[in-house]
Amino acid sequence: MIHLFLNELNLTSNHLKSLNKVWLLPSLEKLYLENNKIESPTWNDSKQVIYMPNLKVLNLDNNKMNGFASVWKMLRFSKNLEILKYDNN
């Protein structure tokens, strides 16, 4: 479980294939996950909890995601999103 009070988190190019089941990041505004190997099914798990209500920037470029359903599930509490990058998935 990740529960941190961060404004920005950069996990670019870390060869990530999935994310933990619980992300509680109420202060996070910018999340960079580009250039990894993240796949969509991880976020489709019914036990997945992602809470980032202040997220403004999300970069998912260059991963292995297929479709937007899991992305929208991830962002359901992120009402302040301004920039979503999703190229080359």
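Worth saying up front: this structure is predicted, and the values here are computed from it rather than measured.
- Here the closest heavy-atom approach between residue M52 and residue L31 is recorded as SD-CD2, 3.9 Å.
- At a threshold of 4.5 Å between side-chain heavy atoms, the hydrophobic network of Ile, Leu, Val, Met, Phe, Trp and Tyr places L28 and W72 in one connected group.
- Both L25 and L16 sit in one connected hydrophobic cluster of ILVMFWY residues. Membership requires side-chain heavy atoms under 4.5 Å apart, directly or through other members.
- The two residues I50 and M74 have their closest heavy-atom pair at CD1-CG, 3.6 Å.
- Nearest heavy atom pair, residue L55 against residue L75, reads CD2-CD2, 3.8 Å.
- Checking side-chain atoms of N59 against main-chain N and O of Y32 turns up no donor-acceptor pair under 3.5 Å.
- Minimum interatomic distance between F5 and S27 (heavy atoms only, all atoms of both residues): CD2-OG, 3.6 Å.
- Applying the side-chain contact (heavy atoms from CB on, under 4.5 Å) rule to Y51 yields the partners L24, P26, P53, F77; only residues at least two apart in sequence or on another chain are considered.
- Under the salt bridge (Lys or Arg N to Asp or Glu O under 4.0 Å) criterion, the residue pairs touching residues 77-87 are D61-K85, with sequence neighbours excluded.
- In terms of modelled atom types and a separation under 3.5 Å, the side chain of N88 and the main chain of N62 share no donor-acceptor contact.
- Using modelled atom types, no side-chain atom of N35 and backbone atom of S13 make a donor-acceptor pair closer than 3.5 Å.
- By the 4.5 Å heavy-atom criterion applied to side chains, K37 and H15 are counted as neighbours.
- The hydrophobic cluster containing M65 also contains F68, counting ILVMFWY residues as joined when their side-chain heavy atoms lie under 4.5 angstrom apart, directly or transitively.
- With sequence neighbours left out, N10 forms a side chain to side chain donor-acceptor pair (under 3.5 Å) with T12.
- Looking at N89, its side chain does come within 3.5 Å of a backbone N or O of N63 through a donor-acceptor pair.
- Remark: side-chain polar atoms of N54 are not paired, donor with acceptor, to backbone N or O of S78 under 3.5 angstrom.
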**OP:** Could you go through the side-chain contact (heavy atoms from CB on, under 4.5 Å) check for L84 and V71 one step at a time?
**Re:** CA-CA 10 Å; L84 171 61; V71 175; 4.2 Å; yes
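- Smallest separation of non-hydrogen atoms from L60 and L33: CD2-CD1, 3.8 Å.
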